[in-house]
Number of protein chains: 2
Amino acid sequence: MTSITSVTRAPRLSDEVARQLTAAIRSGEFAPGARLPSEKELAERFEVSRMVVREAMSRLKSDELVDTRQGLGAFVSAEPGKSLFRLEPDPAIVKDLHDIFQLRVAVEGAAAGLAAVRANRSELAAMRACLREMKVSVAGREDDIEADNRFHATIARASRNPYFDRFLTFLGANLHGAIAKARSNTAARHPSSVLAVQAEHEAVFAAIERRDAPAAEAAMRRHLSAAMERLGLGPFTGARS
Amino acid sequence: MTSITSVTRAPRLSDEVARQLTAAIRSGEFAPGARLPSEKELAERFEVSRMVVREAMSRLKSDELVDTRQGLGAFVSAEPGKSLFRLEPDPAIVKDLHDIFQLRVAVEGAAAGLAAVRANRSELAAMRACLREMKVSVAGREDDIEADNRFHATIARASRNPYFDRFLTFLGANLHGAIAKARSNTAARHPSSVLAVQAEHEAVFAAIERRDAPAAEAAMRRHLSAAMERLGLGPFTGARS
DNA sequence: ATCTCCAGCTTGTATGATAACCGGTCAGCA
DNA sequence: TGCTGACCGGTTATCATACAAGCTGGAGAT
């Protein structure tokens, strides 16, 4: 038995219907404000039950692409996705990567400033533990970058602003894959670079520990800006193009 | 017929179920990876039909909060909200409003800093026009706050980072209603407050015009922080609770 | 001409049934 | 004992049908 592969699970019908409707709306086939065909008609057109159409519509409503009113019908939203922020799953273009990272620098810098004011004892201890872990671990090992991520996550949480926390988690998840790729493209980390990272982290933590918000923000920005350059993305405020 | 008010349309049941489930997941009541109660059980608990639960689940799936598998059940995603960032449509709680506004302060401050470096001549002219318009318009008029919004939007665009622009537009759309409400609750704007706003705007613009990024960022933060206080939301770095 | 009311469309909700799928149980067998 | 495989209960996915509630437009009454 050669060339076995993982079976492709049959996609849910509602997913497929939602996908096609979304594409139709985004392509302009249904103009903003226009009325969509009725659920009954869509069900017949897609050859599915009305319930499948309703589940697909439910998703479009949650994405604010359509708006339904009982007795009237479903209408394409005037401003699709105005209250929804979503990034492309894999920003391959370097410029996008740069811009997203720049946004992260701004937000995480501010988060560090807040953390300097608000971090409690246990959060400080958690940061300290991460620093120690990174120092003893062999540079470039898995647990090394894992502790790195935890250090940043702890600061985000210590900002005591769940929106900072959530947004940074969101950005981090979107950047993760691209960063890993950029890392492998870049020359292997020099020992000097590892030392620099450690020094930057400690500068951030020192400022937080002594409750110096502006210094913490500045240190975090320096750290992330340096990280951008290490990844070959240019500095925070770059005179790009 | 006295004291007429806009009728409150009965909310859809699936919206309410989705809201409660989302809150339960975000609050950690259902840990990541945990299995949710079955649709049948949820339907009984919420006292709705199973179909309503399914529509709510469909929304959570599209938000990547849960993942369902036929025959097994629905499970909380390991990393909720990985490729999607959304806010509750109407943050009524003051603390949420404060936290979201704080995020805006951080991002828009950085955007002003970038704009100081990157704004071109036409963008500077647009900002200047907004300032002039706000000065001559009667304080508190519609066109006044409209020019205000345009001033901020121009700065966001001048940052030349579409993600800053998009994210600030997104936050603005989410804060708009709440701000309007907070405004009406607060005592009517004093003329002195109007003058203060104008002075803050001009400080921001002056720093951008002379290409002083740190000053532009600081001025924007001062402006937005003052705006938060005018709306009764407390300062940027507040020792809340 | 204007008003009232209702038929007929829409979406929202409920109910019941069937199919596909999964995990565990347990009799049957070597 | 240890393994296999059919079976069972529970779950999601889908379908079909019915009724409730909201809206529109026109027939019919005034």
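Every chain is numbered from 1 and lettered A, B, ... according to where its sequence line falls, protein lines coming before strand lines.
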task = Rounded off to whole Å, could you give me the CG-to-P distance for the B/Asp67 and D/dT11 pair?
result = 18 Å
request  = For the residue pair B/Arg12 and A/Thr68, confirm or rule out a side-chain donor-acceptor distance under 3.5 Å.
outcome  = yes
inquiry  = Which nucleotide wins on minimum distance to the side chain of B/Gln70, given the candidates C/dA20, D/dA21, D/dC15?
reply    = C/dA20
key: Test applied, side chain to side chain contact (heavy atoms under 4.5 Å, CB included); reference residue, B/Arg50; option that passes from B/Glu41, B/Glu44, B/Glu39   = B/Glu39
query = D/dC23, C/dT13, D/dC15: which one has an atom nearest the side-chain heavy atoms of A/Leu72?
reply = D/dC23
Between C/dC9 (P) and A/Leu42 (CG): distance, integer Å = 17 Å
ask   = Rounded to the Å, how far apart are A/Leu13 CG and C/dA19 P?
value = 16 Å
Among C/dT13, C/dT10, D/dT14, the one nearest A/Val52 by side-chain distance = D/dT14
key: Sugar-phosphate only, base, or nothing, as touched by B/Arg50 at under 4.0 Å among non-hydrogen atoms   = base
request  = Using a strict cut-off of less than 4.0 Å between a Lys/Arg side-chain nitrogen and an Asp/Glu carboxylate oxygen, indicate whether A/Glu55 and A/Arg59 qualify as a salt bridge.
outcome  = no
request  = Answer yes or no: does a side-chain N or O of A/Arg69 lie under 4.0 Å from OP1 or OP2 of C/dT11?
outcome  = no
message = Without decimals, in angstroms, what is the distance between A/Asp15 CG and D/dT12 P?
response = 16 Å
message = Side chain of A/Arg54 only, heavy atoms from C-beta on: which candidate in D/dT14, C/dT11, D/dC23 is closest?
response = C/dT11
message = Output the rounded distance in Å from CZ (A/Arg12) to P (D/dT11).
response = 18 Å
task = Heavy atoms only: give me the nearest B/Phe101-B/Met228 pair and the separation to one decimal.
result = CD2-CG, 3.0 Å
ask   = Atom CE of A/Met57 to atom C1' of C/dT10: distance rounded to whole Å?
value = 11 Å
query = Out of C/dC22, C/dT13, D/dT11, which nucleotide sits closest to the side chain of B/Arg35?
reply = D/dT11
note = The residue, A/Gly73 or A/Met51, whose nearest nucleotide of DNA chain C is more 5′ is A/Gly73
ask   = Hey, does the side chain of A/Thr68 come within less than 4.0 Å of C/dG12's phosphate (OP1/OP2), counting only N and O?
value = yes
note = A/Ser49 has its side chain closest, among D/dT14, D/dA13, C/dT10, to D/dT14
message = Pick the closest DNA chain D nucleotide for B/Lys40 and for A/Glu47 by heavy atoms, then say which residue is nearer the 5' end.
response = B/Lys40
key: Interatomic distance, A/Asp148 atom CG to A/Glu133 atom CD [nearest 0.5 angstrom]   = 11.0 Å
query = Considering only D/dA13, D/dC15, C/dG12, which nucleotide approaches the side chain of B/Glu39 most closely?
reply = D/dA13
